[in-house]
**Student:** 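The structure's right below; bear with me while I get my questions together.
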There are 2 protein chains.
Amino acid sequence: MDISKILDLIYELPDQSKLALQNNVSEIAFPKGHILLKANKIESNIYFIKKGLVRAYVERDNEVTFWFGKEGETIISMKSYVEDQPGYENIELLEDCELYELKTENLRKLFNEDVHIANWGRKFAEKELIKTEERLISKQFKNASERYLELMKDHPVLLQRVQLGHIASYLGITQVSLSRIRAELK
Amino acid sequence: MDISKILDLIYELPDQSKLALQNNVSEIAFPKGHILLKANKIESNIYFIKKGLVRAYVERDNEVTFWFGKEGETIISMKSYVEDQPGYENIELLEDCELYELKTENLRKLFNEDVHIANWGRKFAEKELIKTEERLISKQFKNASERYLELMKDHPVLLQRVQLGHIASYLGITQVSLSRIRAELK
DNA sequence: AAAATAATTTAACAAATGATAAAAAATGAA
DNA sequence: TTCATTTTTTATCATTTGTTAAATTATTTT
């Protein structure tokens with residue numbers, strides 16, 4: 001997916017503003033397994049996924065995967081981007097990826113100069129917020145089996161491209177529990 | 001908490017932009033128990049809490065409380081505000097409240113006219129996003145007892161002002177489970 | 001203060017999920 | 001292909017959380 005399309009998915013910009021953004025974007029590729037962003041570091045870039053699949057996870061006793069990103073989606077260390085503080089997430093590439101890279105510093109400059117880009121940034125955060133809030137609510141009143149069915153319905157492609165251990169973690173259960181749930185559904 | 005302080009909590013605006021926002025704000029009060037926002041309706045206002053306490057909940061088999069707002073916080077139907085669609089949340093006042101009211105329509109106009117206000121709106125969504133994401137992650141790798149202790153540490157005031165049934169729902173457990181957890185901690 | 005109502009706790013049992021270990025299946029490397 | 005490694009499933013038992021009902025405590029109304 002090309003950068004113009006990706007930017008439009010968030011919010012349609014006037015040509016001039018869109019060009020200003022695109023002029024700050026460069027292309028870069030990494031292989032499967034690469035760790036793109038590391039926790040406890042201030043990250044100075046954000047990325048848009050041209051091709052490939054990634055996951056965001058935090059390290060605790062075990063790894064907790066809390067987000068998947070595929071073509072058209074934005075990779076960001078929220079804390080770095082918003083508060084200039086070390087982030088909590090690691091980003092691992094689950095497939096070979098082609099990415100668009102944008103320096104946070106340049107984006108900040110554009111936010112202050114161009115009202116359309118500022119609103120583009122606002123829309124991005126607002127849409128992510130709704131998605132996250134809906135997941136939180138879903139987690140709160142659905143059991144693991146219902147959340148699995150919901151994921152199958154809403155994001156069937158993830159089940160084909162992501163190994164089940166990560167899916168289980170994303171659903172907030174152990175891999176063994178997920179296996180059991182899948183067995184019961186047969 | 002006065003409106004000037006509340007706006008600054010999100011992002012410090014130049015005087016002129018701040019005044020433009022404040023000029024669109026009016027004061028209004030409602031008693032405890034009032035339902036301020038209703039689910040499945042497009043809401044045309046957002047509110048800032050001058051004084052009081054509210055909760056956001058969705059109705060399923062039972063009620064699921066997923067957010068509390070107190071002095072200085074912003075009350076918003078996310079779907080209405082972001083996508084002009086009926087929202088999923090109800091907002092109930094848990095105490096008598098004094099609120100600042102702002103028409104979404106006017107705010108949208110300001111977003112398009114004033115780059116500072118657009119960035120103020122961006123910061124608001126970004127900060128809410130981080131809070132929501134952190135709660136989602138916490139829900140994913142902590143058990144109920146750990147989440148209760150975390151809430152006690154981070155928001156002790158809620159435990160004094162909110163009845164336990166709502167706290168339990170917010171933690172994603174039943175009231176009976178919360179009672180059991182509290183008994184074990186004694 | 002007494003009565004009525006609402007909120008919280010306790011108890012007993014059921015259901016869901018976790019932990020550990022082992023087996024089976026799938027994938028990747030030589 | 002064969003071997004080694006990784007992923008997924010299955011089985012067993014432990015722990016956590018849910019459900020229901022009743023008892024207790026707190027709050028509100030009369």
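A note on names: the letters A, B, ... follow the listed sequences, proteins ahead of strands, and every chain is numbered from 1. Predicted model only: the values in this text are computed from it and were never measured.
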**Student:** May I have all residue pairs that pass side-chain hydrogen bond (donor to acceptor under 3.5 Å, both in side chains) and include part of residues 30-41 of chain A, sequence neighbours excluded?
**Tutor:** none
**Student:** For Glu184(B) and dA11(C), give me the distance from atom CD to atom C1', rounded to whole Å.
**Tutor:** 13 Å
**Student:** Membership question, hydrophobic clusters at under 4.5 Å side-chain separation (ILVMFWY): are Leu136(B) and Leu171(A) in the same one?
**Tutor:** no
**Student:** For DNA chain C, determine which residues of residues 139-168 of chain B have any heavy atom closer than 4.0 angstrom to one of its atoms, and list them numerically.
**Tutor:** Gln163(B), Leu164(B), Gly165(B)
**Student:** I want to check one thing: is the phosphate of dT10(C), taken as OP1 and OP2, less than 4.0 Å away from some side-chain N or O of Ser179(B)?
**Tutor:** no
**Student:** With Arg135(A) as the cation and Tyr170(A) as the aromatic partner, state whether NZ or CZ is under 6.0 Å from the six-membered ring centre and within 45° of the axis.
**Tutor:** yes
**Student:** Starting from P on dA7(C), measure out to CZ on Arg182(B) and report it in whole angstrom.
**Tutor:** 15 Å
**Student:** Between Asn62(A) (CG) and dT20(C) (C1'), how many Å, whole number?
**Tutor:** 15 Å
**Student:** Measure from CD on Gln175(A) to C1' on dT17(C) and round the result to the nearest Å.
**Tutor:** 15 Å
**Student:** Roughly, in whole Å, what's the span from CG in Leu185(B) to C1' in dT10(C)?
**Tutor:** 16 Å
**Student:** Would you please classify the geometry between the Phe48(A) ring and the Trp120(A) ring as parallel, tilted or perpendicular, with 30° and 60° separating the classes?
**Tutor:** perpendicular
**Student:** As a test of understanding, state which of Ile3(A), Leu7(A), Ile117(A), Asn23(A) forms a side-chain contact (heavy atoms from CB on, under 4.5 Å) with Lys18(A).
**Tutor:** Leu7(A)
**Student:** Phe124(A) vs Tyr81(A) aromatic rings, parallel, tilted or perpendicular, using cut-offs 30° and 60°?
**Tutor:** perpendicular
**Student:** Without decimals, in angstroms, what is the distance between Ile173(A) CD1 and dG18(C) C1'?
**Tutor:** 11 Å
**Student:** With nearest nucleotide decided by heavy atoms, which residue, Lys32(B) or Gly172(B), maps closer to the 5′ end of DNA chain D?
**Tutor:** Gly172(B)
**Student:** Tell me whether the NZ or CZ atom of Arg122(B) lies within the 45° cone about the ring axis of Phe111(A) and under 6.0 Å from its centre.
**Tutor:** yes
**Student:** Quick check on the helix from dA1(C)-dT30(D) to dA30(C)-dT1(D): what's the angle between its two end axes, five base pairs per end, to the nearest 10°?
**Tutor:** 50°
**Student:** Side chain of Ser177(B): nearest nucleotide among dG18(C), dA21(D), dT17(D)?
**Tutor:** dT17(D)
**Student:** Given atom CZ of Arg180(A) and atom P of dA16(C), what is their separation to the nearest angstrom?
**Tutor:** 10 Å
